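Just below is one structure, and these are the notes that go with it.
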Amino acid sequence: MDVDSKVALKAAELRALSKKDYNRKLKLPDAIVAATALLLSAVLVTRNVEDFKHLRRHGLHLYNPFEHEKDNSQRFVSELEQN
């Protein structure tokens with residue numbers, strides 16, 4: 001997906017918000033990823049939740065698959081056993 005003007009503006013907004021309200025520097029690539037997820041109403045799947053967690057207050061949904069790795073493994077095994 002190309003970075004269009006909506007994504008670019010949202011990324012700039014997130015960077016400014018991060019700096020002003022949270023005193024955090026949000027890197028441009030991270031801001032673009034977060035902006036894209038927000039604009040698409042998508043869940044941002046990342047192992048690096050720390051850089052994005054302050055944006056949860058602004059509607060960003062995060063998922064770290066490594067936090068739930070054990071649960072997912074057990075669920076996968078259970079599904080295999082059922083089939």
Side-chain angles (χ1 to χ4, degrees):
M1 176 176 183
D2 292 335
V3 177
D4 61 17
S5 60
K6 287 181 183 179
V7 172
L9 289 171
K10 187 67 172 177
E13 175 187 321
L14 293 174
R15 290 187 81 197
L17 174 87
S18 294
K19 183 68 173 168
K20 180 181 174 224
D21 291 355
Y22 303 99
N23 198 29
R24 297 179 65 135
K25 182 175 181 178
L26 185 62
K27 296 175 187 173
L28 181 58
D30 288 346
I32 291 170
V33 169
T36 302
L38 282 167
L39 291 171
L40 294 175
S41 299
V43 175
L44 176 55
V45 178
T46 181
R47 189 174 185 178
N48 185 17
V49 172
E50 189 63 33
D51 286 351
F52 298 99
K53 70 180 183 180
H54 65 287
L55 298 175
R56 286 179 170 157
R57 296 180 187 148
H58 303 279
L60 184 63
H61 298 285
L62 298 171
Y63 177 72
N64 180 350
F66 292 92
E67 283 181 5
H68 307 285
E69 189 171 3
K70 184 177 178 182
D71 294 338
N72 288 339
S73 297
Q74 290 174 346
R75 188 177 320 124
F76 181 70
V77 170
S78 295
E79 289 174 6
L80 284 177
E81 291 173 346
Q82 291 174 358
N83 292 329

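Keep in mind the model is a prediction, meaning the values are calculated, not measured.
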Cluster check [X], [Y]: I/L/V/M/F/W/Y, side chain < 4.5 angstrom:
| X | Y | result |
| --- | --- | --- |
| V7 | V33 | no |
| L17 | I32 | no |
| L38 | V49 | yes |
| Y22 | L26 | yes |

Can you list everything that forms a side-chain contact (heavy atoms from CB on, under 4.5 Å) with K6? Sequence neighbours excluded, please.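 Once residues adjacent in sequence are excluded, the partners of K6 under the side-chain contact (heavy atoms from CB on, under 4.5 Å) criterion are D4, L39.
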For [X] versus [Y], what's the shortest heavy-atom pair and its separation?
| X | Y | answer |
| --- | --- | --- |
| N64 | F66 | OD1-N, 2.9 Å |
| A35 | L14 | N-CD1, 3.6 Å |
| H58 | H54 | CD2-O, 3.8 Å |

From [atom1] ([X]) to [atom2] ([Y]), nearest 0.5 Å:
| X | Y | atom1 | atom2 | value |
| --- | --- | --- | --- | --- |
| K19 | R24 | NZ | CZ | 11.5 Å |
| K53 | L62 | NZ | CG | 10.5 Å |
| L40 | L44 | CG | CG | 11.5 Å |

Assess whether atom NE2 of H61 is packed by more than 12 heavy atoms of other residues, nucleotides or ligands within 6.0 Å. no
Keeping to residues at least two apart or across chains, list the side-chain hydrogen bond (donor to acceptor under 3.5 Å, both in side chains) pairs with something in residues 38-47. none
Using the rule given for side chain to side chain contact (heavy atoms under 4.5 Å, CB included), can you reason through D30 versus R15, listing the C-alpha separation, both sets of side-chain angles and the distance that settles it, and then say yes or no? CA-CA 9 Å; D30 288 346; R15 290 187 81 197; over 6 Å; no
